[in-house]
Structure formats: C-alpha cells, structure tokens
Amino acid sequence: MIKNQRDFYSGALFVLVGGGFAVWSYLGYRIGTGLRMGPGYFPFALGILLAILGAIIAIKAQMDGSTGGTRIGAVAWRPLLLIIAANLLFGVAIGGLPSIGLPPMGLMVGIFVVTFVASLAGDEFQFVEVFLVSGVLAALSYLAFIVVLRLQIPVWPFFIAE
Amino acid sequence: MDLFANLALGFDVAFSLTNLLYAFIGCLLGTLIGVLPGVGPLATIAMLLPATYALPPVSALIMLAGIFYGAQYGGSTTSILVNLPGEASSVVTVIDGFQMARKGQGGRALAASAIGSFFAGCAGTLVLAAFAAPLTQLAFKFGPAENFALMVLGLISAVVLASGSVIKAIAMTVLGLLLGLIGTDVNTGMTRFTMNKPELIDGIGFIVVAMGIYGYGEIINTLSQHRSERRVANTKISGLMPTRQELRRMFPAIFRGTALGSILGILPGSGAVMASFAAYTIEKKLPLTDGEVPLGQGNIRGVASPEAANNAAAQTSFIPLLTLGLPANAVMAMMVGAMMIHNIQPGPTVITSNPALFWGLIASMWIGNMMLVVLNLPLIGIWVKLLSVPYRWLFPSIVLFCAIGVYSTNNLTFDIWLVGIFGVLGYVFIKLDIESGPLLLGFILGPMMEENFRRALNLSRGNWSIFFTQPLSAGLLLAAFLVLVMLMMPAIKKKRAETFVED
Amino acid sequence: MHAKRIVSGFAKSTAFLTLAIGLSAISSMAHAQSAWPTKPVTFVVGYPPGGQTDFAGRVVVANMQKELGQPIVIDNRGGGGGNIGSDIVMQAAPDGYKLLVGNGVITINPHTYRSTPMVDPLKFTPIGTLLTSGLVLVVPATSPVKDYKQFVQYIKDKAKTPEGVNYGSSGAGSLTHVTMELLRERMGKPEMNHVPYKGTAAVAVDLIAGRVDALFDATSVISPFIKSGQMRALMVTSAQRVPALPDVPTAAEAGVKDFEIISFIGLYGPPKLPADVVKKANSAMNVALKDATVRKNIIDRGDEPGGGSAEDLGKLTQTHFKLWGGIVKANDIRVD
C-alpha cells in the first residue's frame, strides 16, 4: 500500500529519469576523471544524484503518516490528449509530414484545426461559436504575424500558394 | 557636478520631438511583441535593423532600446494574466502574478509590475550614468571559477522558490540541469543526448520548455477541473490599482529588487535571470506582516520585487556593452551590431569619443521607461478585460499562440513536437504536486554552470582548489553553503511546512 | 517545391486534362525558368538573427531585390551548427527560389562532426561571395609579447612550465579553434591547451584578464579591444592589412608563409542550379555590393565586401574544405 501516492510516483519518476541519464552518459560518452573530465562526467554525476534524491523521496513517501490529499486522482485524458493533439496537428499543418508525403497546409488551415481540436477538450463545444473564434484568430494572426511581423510561416495551403 | 552636466547633455539630445517619437514607437512595438509568446525582441530588432540604417544613430538606438524594454515589460503581462513566461526572467513573476490574476487582482499585479519596473528603470539609469566607468572592472573579476560559484549560489537559492518539499525542489533543479545539458558540450564540442537529431545540437529552447510546462500543463489541468471550480476567468475584478496598504508593502520590495538587479545585471550571461530569482528568494525569506498572504499565493511583493530586479538588470546590462563592447546577451549583441553599422565602436572610448550618443542613450533609457508606464497603465484595463473573455474562447487561443510562438523562434516543426512532450510533462508535474520553477532555473543555468566548472578546471589543469583559493569564488561558495544550512535547519523546515498546510 | 512535384504528378495521372492545358502549363514553366525570378526569393540563414551570417544576408537584400524585381525574404533557420539551414537548401528544388547565405564554417563541419551527418559544401552551386573577414592573433595587453617572433619563443618557453599555455577559441571546432591548431603546427607543435568558449564576448573577458594566453578571432569583433589598449594584436590572416588595424602586419609580413585564412560568407544555391539563374543572381549581388551604403555598412562593421564570380566562391570553398580536412585529421579535432 502506497501511503503518499504523489510523492511516491514523483520519486519513481526522478529515479527513472536520473538513472536513464546516468546509464546513457556511462554508455554513450567518455566519463573521464575528476582531473580530466569527459563530456559524460557532469551528466553522469547529476543523473546519479537525481536517482538518489528520487529514491529518498519515494522511501519517505512510504513512511509518511498523512494520507489526506496525497492521492493522484483521475487523469484528465480528454483535455490531455486533445490539447497535445491540437499542438501536434498545428505542426503537421505548418510543416506537413514529409515521411508520408503530406504537404504543408499552411497557417490558416492550422489555426482552424488547432481551435477546433483544442475546443473539443472543453466541456461546452458549439460548432458555430468555435468557427467564429477560429475566424477571429485567423484574422488577428494574419495581421500580427504575417503583415506586421512578417514571420516566415507558410500561410495558405500548397495548392493555393504555388 | 559632472554627472548632471552630462545628463543635461543627454536629455538635450533625447528630448527632441523625433527621438521621443522613436522611443514611443519602440516601446509600443516592444510591448506588443512581448505579449506574443515566443516572438522575442531578438527577431524584431533583427527585422527592424535595416530600416534604421537611414535614421541618425541616436534615434536608431533609442528605438531599438525601446523595443528591448517594451518586450521585457510585455512579457510580464502574459506571465501574470495567462501563466505564460515569455522569457527566462519572467518565470518567477508567474508564481505570484498568476495567483493574483486568479483572485481577480490581475490589474493590481500589472500595476505593481509597471511601477516596480519604472522605479527600477530610473534607478538603474542613474547607476549606469554614475558608475558605468568604475563598474566595468567588475566584469573582469568574474572568471570561470567565480561564475560557477555564483551559479551554485543561485541554484541553491532557487530551492526556496518552491513552497512544497525541499528535496523535491532540489530534484527538480537537478532535472532542469540535466535537460539543459542536451545539445553541444561547449568544452569538447561533442553533442550529447541528441539522438543524432540536428535540431537538438543547439539544445532545447527555453520557449519550448516554458510554453509546454506552464502553458499547456496549466490549460490541461484547468480543463480537468469542473466548470464551477475554475478560478481563471474570475469575473469579479477587484480594482486596477494597488491599495494603499499594498503600496506600503510593495515599495521596500521594489527597493530591494532594484538594488539586486543593478548589481547582478552587470555580470554577463545570467545576470537578469539570477536577479529576478534572487529578488524573489529574498522576499520569500522576509517575515510576513499581519494579514499578508504568503508568497506563492498571490503576494504583491512577489511580483513587484522580481520585476524591479529584472528591469534594473536590463539597464545595468548596458554597462559592459557600452564601456567594454561586451554584450551580456543576444539582444545586446544585436545592439553592438546596430552601433557598428552607425559607425560607433562600443568600448572604453565611447564615452569620450561620442558623449552625445552615450549620454543621449542613457537619457533615452529613462524616457523609454517613462513611456512604458504612460503606455501601460491605461492598457492594464484592456489586458484585464481579456480575462473576462470566456475561458472556452481563451484557451484555444493560448494553445494557438504558444504553438505559433514556439514555431517562429526557429521555424522548426521539430520544436512543436518537443513542446507537446513538455506539455504532458507539465501536466504530470501538476498531478504529482511538483513545482516547476526550480526546473526552469536549473535548465537555464545548467549548461552555463557545467561550462564554467569544467573551464575552470581546464585552466587549472584539473586542480579543484581553484574554487577555494580565489577569494571571490570562495566567498560565493561559502554563501551558498550557508543558505543550504539555513534550508536544512529544522526551524525553517517547520515554517515551510506551515506555509504548505495553509494552501 | 514539394508541392509542385505533387501537382505535376497529379496532372500526369489525370486523363481528363486536355493537351492544350498541359502544353500551356509546360510553356509557362519554361518561361518561368528563363525569367527567374517571377516570385519572391528566400534567403535561408542557418543562424538566428543578429550574427555575422544574418547580417551578410540582410545587408544586400534591399539592393538585390531592386535589381531582381522581386522581394527577397530572409528565413532564419537556426540550430545544428548552421546545418539545419544548409540542409534545407541542399534538399530544395534547383529553381533558384531557395538560396543559402552560407558561413564558411560549412567547410569545417563535415570534418569535425563524425556521427551527425553534415552537409557536403562542395555539392552546393556557388553563386558569389558576400563578405569576408580576416582573423587577428591577439595576446593580453599585459603580456610581455610584442610581436610574432617573441610570441613563438614565449609559447615554447611557457609550454614547458607547469602552468602551461592556454589558448581560447569561440567554440570547439570553430574557425578560431582550427586556425590556432594550424598555427601550432607551424610553430613546431608546442604543447598548447585549448579552452573553448561560447562566442567571442566570454573569451574576450578571460583574455583581457590574462586567464588565457592567446586567441584568434574575427577582426570585426576584436578591433575595439585592440584600439582601447586591452589586447595586443600580433598579425592578421588576410592577404592585405585591415583598414581598421593599419599597424598590424599580415601573417606573411610577420614571417608565417601560406597562412591566408579568411572567414567568408557566400551565397549558394542547391545542387544543379541552372547557369542562367546563377549568372543573374551573381550580377545582382555584385551590383548590391558595389553600392556605397552597402559597402560602408559592411566596412564599418569591420568586414570586407565580397563580390566576384561564382567560380571565385567555388574555389574559396574548395581550398578551405581541403585545408581544414587536413588540419582536423592531423590534430584529431572532433566534435561528436
């Protein structure tokens, strides 16, 4: 039985990441000595330190008497997946996916995709409203980023831009 | 008094109608750019540089300096209102600023930031005018050993930032250090942890980490709460200006922040960031007065002091630039470029060879700061109104601006994939109740710390005593040790626990 | 570019398209090529705004677009030691709408990076040199060394002491690093410890404070320190003396033969860029570089305006690529 879930998993996370960095440094780079350090020295030492800290946190979590408010609770999968998906789809819209031959669709398409997908993460999705918000954002972004700041972002889909 | 004669000369130059206009344009542009996450002053100055070729040098520099301040100020606006630190020095502003905004005190936080910045700007300008020449020697005292010691002190102080467990905060700092090491190792030129991805050779960008952990993490967490629990768009906005009591608390904090910022700003590299973190640390260590909310829960001192520190540092970072030609950061490097294009060689001779420019620029800094207050105090009302926009419209917009900002720093879609990872990480940290501030500081200082540590040992042929035989470095390390002891002391531990329980 | 290929592929597979439309499309494409440019041209810069490479691109843009009759946009693709930007142009279609403002570092990178693949600079189509800049050898003002001859003796003597010799550079595998290694070879390989920094500002502080003994860096960034008396210059590596430092001898004058090393920035196109595009871009670039304000902007910064033919840049690229290949191998300089 884990007493303080939040601390226990934090500790486990640190052990995992710290250990990972330490192993990676050890295998991938020259560690060297305190006198002549290699590129692996600093990350190796830090990785070990992080793993030790993580272990202490996790062990202390087991001994912790208080249990109130230390449960992790349910993971909000819907917002988590949709917000991250919206972000990734924006990347796909701007840069395309060369590996499967998908051409870039540009900023305007990207804005509508991001707004729609992100809005789905909320609990009050209304098509018309989201459409209007997208339109306003598209106009503002065009003005701010393309007209005024002249950022080098493809604006229109490939079939219009060429 | 020489100083006043010189300043008079400066104001004479800067107070022309055209120069005031350029200062205004610069500040306005800078503020607008600063509000957009990711689109930093660097890109803007680069873009406008050719346009300034035709201007007289003083006007050109006045406008560029205005962009720099404006962007710095605009960055605090987004930090306070929507939890998006656009640059490293606003990471601490987020902590109390955003809490204030959630309580409907966003206007007061913005005003505190504006007033703090203005005061620090004025003081920093005076420091610059009076001590530019003597202070330049300070930069030479800081070799690799001293830089390393200073960063150790900074990192240990960062632990104070977190209100939760000390050990978790230390672990987060270490994690930040490790993430910062991804990329090229300066001491050998080798790439580390890049998985042979060229996009990672120069490391992960600050914007990527900050937008992911703060921006996306916070949005996901807010959406997971039930509509009634959300405290983001609090419709009750209580006052745009700080109350008299808040002003009384704020001013000493502004003084402290200004003093710290003025000193740390002179050091190349990490000055402005260290200044805002150190200022916050000090505020957190000071006892609370009656009825004051603890820092971390929306205390106005937690906004005013770091903002003052960061603005004072922005002023004094001109000292190494103007007197030595040593840029403290990339924006300053751009200013050197601008000066050289206008046939001014920054360096020890600039004060004597071009007094009109030197003092004109200093006077224009003051004017720029004033311009910012004039511009921003009325804008506060508008910014705060933004928060009354329903959250269901606000959050997709924030996601969009984060994504555009991340992409536009290097025009790489790879950075968008990365920010997704940090978004997930940000949510994990919230779920596990770990604070992210120490991670960000570790992330910024990590590479510089390792670089200086190994360079010091490289210069001393592996002799570790170099850190203790240099008085400055030994003193800084001793101070770091004392802070650590203080942190470990049971009394403080208990006090931290109390703070934590109150939450 | 990618898009065009998809569109034309689509056209080929569609039987509904009439011959007439097909013909007109082909003729318009042919026309587009000879009339380059018919739409905005992108200059890719492999570094963030603000550095020397970015400056080299931006300084000629206004005059070049006047000459070409189409806007030119600067596209900063920082990262990867400049390689991300180089790679974009390497992969681009040879239609002249994506050109590279390439730093001479592209001739060093393929030798020093061994596990990360770096673009082969000889595959680019050279268009013309935008600007060049010599390097200058400096010691702290407090150093007893007054000229190159004394320098050699000083280094050789100090190398034998327990303290040893430290030389700085603005980065491992940078031009400033490999140039010192080349000089070390010429001096008979005395023991010299390399201390890399990130950029010039940090190493300048440590040189002035005397923590490092010597440094090579671009004249444009170093000359203010020399003028202010904080550093002493021993020689410049350009063929002629530098206007900003008229008293500093060239390497040849100081007694180092065949030591002509310059940092250069050139305009390159993707492989197989048609000759007519190269010619047109080169002549527009040369017109821009003859403009008095452009020249003044470059010279004021401490650099020298480039110019000349596409072949000149090709030769410059080739000789440096060969030179650094040898130096890097002989001294086992590696970056990953």
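Sequence lines set the chain letters: A, B, ... in the order given, protein chains first and strands last, and positions in each chain run from 1. Heavy atoms only: backbone and side chains are in, while hydrogens, waters and symmetry mates are out. The structure presented is a predicted model; accordingly, all values stated were derived computationally and were not measured.
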Quick one: what part of [X] sits under 4.5 Å from any heavy atom of chain A, side chain, backbone, both or neither?
{"X": "B:R192", "result": "both"}
{"X": "B:L181", "result": "side chain"}
{"X": "B:I219", "result": "side chain"}
{"X": "B:N187", "result": "neither"}
{"X": "B:I434", "result": "side chain"}
{"X": "B:F193", "result": "both"}
{"X": "B:L457", "result": "side chain"}

Which bit of [X] comes within less than 4.5 Å of chain B, counting heavy atoms only: side chain, backbone, both or neither?
{"X": "A:L132", "value": "neither"}
{"X": "A:A74", "value": "backbone"}
{"X": "A:T33", "value": "neither"}
{"X": "A:L13", "value": "side chain"}
{"X": "A:V92", "value": "both"}
{"X": "A:Y29", "value": "side chain"}
{"X": "A:Y41", "value": "side chain"}
{"X": "A:I84", "value": "side chain"}

Would you compute the distance between atom [atom1] of [X] and atom [atom2] of [Y] and round it to the nearest 0.5 angstrom?
{"X": "B:F395", "Y": "B:C402", "atom1": "CZ", "atom2": "SG", "answer": "13.0 Å"}
{"X": "A:I83", "Y": "B:T222", "atom1": "CD1", "atom2": "OG1", "answer": "10.0 Å"}
{"X": "B:F401", "Y": "B:M211", "atom1": "CZ", "atom2": "CE", "answer": "12.5 Å"}

Out of [options], return the one with the most heavy atom pairs under 4.5 angstrom to chain A.
{"options": "B:M172, B:M449, B:R461, B:E450", "result": "B:E450"}
{"options": "B:I421, B:N411, B:L32, B:N458", "result": "B:N411"}
{"options": "B:V174, B:T413, B:L412", "result": "B:V174"}

### Query
Once the angle between the rings of A:F125 and A:F127 is folded into 0 to 90°, is it parallel (under 30°), tilted (30 to 60°) or perpendicular (over 60°)?
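Rings of A:F125 and A:F127: perpendicular, over 60°.
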### Query
Between B:F467 and B:W464, what is the ring plane arrangement, given parallel below 30°, perpendicular above 60°, and tilted in between?
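Because their plane-to-plane angle is over 60°, the rings of B:F467 and B:W464 count as perpendicular.
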Who among [options] has the most heavy-atom pairs with chain B under 4.5 Å?
{"options": "A:G47, A:P39, A:G73", "value": "A:P39"}
{"options": "A:L140, A:I94, A:I52", "value": "A:I94"}
{"options": "A:M37, A:Q126, A:R78", "value": "A:M37"}
{"options": "A:G96, A:S134, A:G38", "value": "A:G38"}
{"options": "A:T115, A:V75, A:L80", "value": "A:L80"}
{"options": "A:I57, A:V136, A:L49, A:V133", "value": "A:I57"}

Min side-chain heavy-atom separation [X]-[Y] under 4.5 Å:
{"X": "B:L177", "Y": "B:F443", "answer": "no"}
{"X": "B:I156", "Y": "B:V152", "answer": "yes"}
{"X": "A:F116", "Y": "A:F131", "answer": "yes"}
{"X": "B:N221", "Y": "B:S224", "answer": "yes"}
{"X": "A:F90", "Y": "A:L107", "answer": "yes"}

### Message
How close do A:F112 and A:A138 get, counting heavy atoms only, and between which atoms?
### Response
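In this case the closest contact between A:F112 and A:A138 is CE1-CB, 4.1 Å.
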#### Entry: Test of ring centre spacing under 6.0 Å for B:F422 and B:Y216
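Ring centres of B:Y216 and B:F422 not closer than 6.0 Å.
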### Message
Under a 4.0 Å threshold between the charged nitrogen and the carboxylate oxygen, would B:K168 count as salt-bridged to A:D7?
### Response
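A salt bridge links A:D7 with B:K168.
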### Query
Are B:D185 and B:R454 close enough for a salt bridge, meaning some N to O gap below 4.0 Å?
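Yes.
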